[in-house]
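Structure record follows, encoded as structure tokens.
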Amino acid sequence: MSDIDVMTLFLGPQTRLALTLNALVRGHRMALAGAGLNARPGRMATPHLRRNLDRDTSPSDRQARFREAVGEGPMFLSAVNFLGPTALGFHRREMFPETETLLAELPVLAAGARLVLSLDTLPAFFLAAGSEPLEERVRSAGWEPLYELSWADLVEEIAVAMPGSDILVLTPRGAAVRSPEVLARLFGDAASVLPAAWHLLEAAISETGRAVLAQRLAEVGQDDAALTELFDTFAERAAPDDLTARLGIDRVTGILLEQRFAEDLDRIRAMPRVEVICWPSFTA
């Protein structure tokens, strides 16, 4: 039997980290099930949630239908596109225009569930979608609407809608450098069946970085400072010229959006029932 909460609901959004975690669930669902954790990837979890949000159906019927679909016992539902596909977002100066409607009925299905979110800077978030129409909307928007977008507002909205839930927020750097701890936090003791404790770091860095990681782990083991330096050196990021070409974001705007992300994380850390996993520790 898994030792994690009865239901962990991973709401994305679809950052690169979220896609990595969803792929991990998709590829190792059966192994996780063998370890006592009912894990469902996005293609299974999101439809079951969305189709049971209809207010015209009684809450008890929706709950019964949802439980019949997802099963019982400890579960990890990777509903990474529950808030909406990134490629279809960023309309009316909102990242997820449907958020209010979706969250209004979510407590019927997942009251008390542990919620997990994975956040990233806006440029990285938009690029992870790989959508030319989305990139065109971003290029046409200018920097002011982008600067007004707030992850902190989204987390606050989720916290208000789900008053019985604790929220765990993952950041790219923190999740990578703390990969073994993060996987254990997400999957409990079932994480032992996953193929690599450092999967989140390996997925975030280049092939050269993975070779350096293997060498350093073999020579010195886990050294937090060395792993942070390795992430900062080898993390795969879009070049400034690529940001300008694809999103119309110049260097100055990129810096402003990074600062905005840091400010959002500061606000999020101060919220009750919310924990942010970043570097150097889970609570820093």
Heavy-atom check, side chain of Val6 versus side chain of Met75, under 4.5 Å: no

Verify same cluster id: Leu146, Leu83 (apolar side-chain graph, 4.5 Å): yes

Reported CD1-to-CE distance for the pair Ile158 and Met162, which is rounded to 0.5 angstrom: 9.0 Å

Qualifying salt bridge (charged side-chain N to carboxylate O under 4.0 Å, His left out) pairs with a residue from residues 118-134, counting only residues at least two apart or across chains: Glu132-Arg139

Verify same cluster id: Leu122, Val138 (apolar side-chain graph, 4.5 Å): yes

Residues Glu207, Arg210: salt bridge by 4.0 Å N-O rule: no

Distance, nearest 0.5 Å, that separates CZ of Phe66 from CD of Gln63: 10.0 Å

Thr8-Arg114 side chain donor-acceptor pair, cut-off 3.5 Å: yes

Matching residue for Val274 among Val169, Leu168, Asp166 - test: side chain to side chain contact (heavy atoms under 4.5 Å, CB included): Val169

Leu109 backbone acceptor or donor facing Asn52 side chain under 3.5 Å: no

Verify same cluster id: Leu117, Leu103 (apolar side-chain graph, 4.5 Å): yes

Arg62 side chain vs Val108 backbone, donor-acceptor pair below 3.5 Å: no

From Thr244 atom OG1 to Ile249 atom CD1, the distance as rounded to the nearest 0.5 Å: 8.0 Å

Distance-only polar pair, side chains of Thr253 and Asp250, donor-acceptor under 3.5 Å: yes

Nearest heavy atoms of Ala79 and Leu9, plus distance in Å: CB-CD1, 4.2 Å

From Asp224, Leu200, Leu227, residue fulfilling side chain to side chain contact (heavy atoms under 4.5 Å, CB included) relative to Arg178: Asp224

From CZ (Phe187) to CG (Leu21), nearest 0.5 Å: 5.5 Å

Check: Ser78 main-chain N/O paired with Arg40 side-chain donor or acceptor under 3.5 Å: no

Donor-acceptor under 3.5 Å (Thr121 side chain, Glu258 main chain): no

Ring geometry between Phe125 and Trp151 (parallel below 30°, tilted from 30 to 60°, perpendicular above 60°): perpendicular

Contact summary for Val193 and Ala35, nearest pair of heavy atoms: CG1-CB, 3.8 Å

Non-hydrogen side-chain atoms of Ile205 and Trp198 separated by less than 4.5 Å: no

Side chain to side chain contact (heavy atoms under 4.5 Å, CB included) evaluation trace for Leu149 with Leu257: CA-CA 10 Å; Leu149 297 175; Leu257 292 176; over 6 Å; no

Worked check of side chain to side chain contact (heavy atoms under 4.5 Å, CB included) between Thr46 and Val80: CA-CA 7 Å; Thr46 300; Val80 291; 5.7 Å; no

Sidechain-backbone polar pair: Arg137 side chain, Ala87 backbone, donor-acceptor under 3.5 Å: yes

From CD (Glu157) to CZ (Phe96), nearest 0.5 Å: 11.0 Å

Over 12 foreign heavy atoms within 6.0 Å of CZ, Arg55: no

salt_bridge(Asp264, Arg260) N-O dist < 4.0 Å: yes

Lys/Arg-Asp/Glu bridge criterion (N-O < 4.0 Å) met for Arg269, Glu275: no

N-O pairing of Arg50 and Glu98 below 4.0 Å: yes

Flag if over 12 foreign heavy atoms under 6.0 Å of CD, Glu100: no

Working for side chain to side chain contact (heavy atoms under 4.5 Å, CB included), residues Leu77 and Phe10: CA-CA 6 Å; Leu77 302 182; Phe10 183 25; over 6 Å; no

Joint hydrophobic cluster, Leu88 plus Leu127, side-chain heavy atoms closer than 4.5 Å: no

Shortest non-hydrogen separation from Ser179 to His199 and the atoms involved: OG-N, 3.5 Å

Donor-acceptor contact present, side-chain Ser192 to main-chain Asp189, <3.5 Å: yes

Residue pair Gln259, Glu263: steps toward the side-chain hydrogen bond (donor to acceptor under 3.5 Å, both in side chains) verdict: CA-CA 6 Å; Gln259 293 173 344; Glu263 292 168 358; over 6 Å; no

Considering all heavy atoms, the nearest Leu119-Ile268 contact: CD1-CD1, 3.7 Å

pair Thr99-Leu102: side-chain heavy atoms closer than 4.5 Å: no

Within 45° cone and under 6.0 Å: Arg173 NZ/CZ vs Phe231 ring: no

Set of side chain to side chain contact (heavy atoms under 4.5 Å, CB included) partners for Ala226, sequence neighbours left out: Arg216, Asp223

Check against side chain to side chain contact (heavy atoms under 4.5 Å, CB included), Phe76 and Leu32: CA-CA 10 Å; Phe76 184 96; Leu32 290 168; over 6 Å; no

Rounded distance (nearest 0.5 Å) linking atom CD1 of Ile167 with atom CD of Glu156: 10.0 Å

Step-by-step side-chain hydrogen bond (donor to acceptor under 3.5 Å, both in side chains) determination, Thr208 to Ser206: CA-CA 5 Å; Thr208 301; Ser206 66; 4.6 Å; no

Side-chain heavy atoms of Asp61 within contact of Ser58, under 4.5 Å: yes

Whether Asn22 side chain and Gly42 backbone form a donor-acceptor pair below 3.5 Å: yes

Short side-chain donor-acceptor distance under 3.5 Å, Ser140 and Glu136: yes

Same cluster (ILVMFWY, side-chain, under 4.5 Å), Leu11 and Met44: no

Check: Met95 and Pro13 side chains under 4.5 Å, non-hydrogen atoms: no

Minimum side-chain heavy-atom gap Arg16-Glu236 below 4.5 Å: yes

Which atom of Thr20 lies closest to which atom of Ala203, heavy atoms considered: CG2-CB, 3.6 Å

Shortest non-hydrogen separation from Ala39 to Val25 and the atoms involved: CB-CG1, 3.8 Å

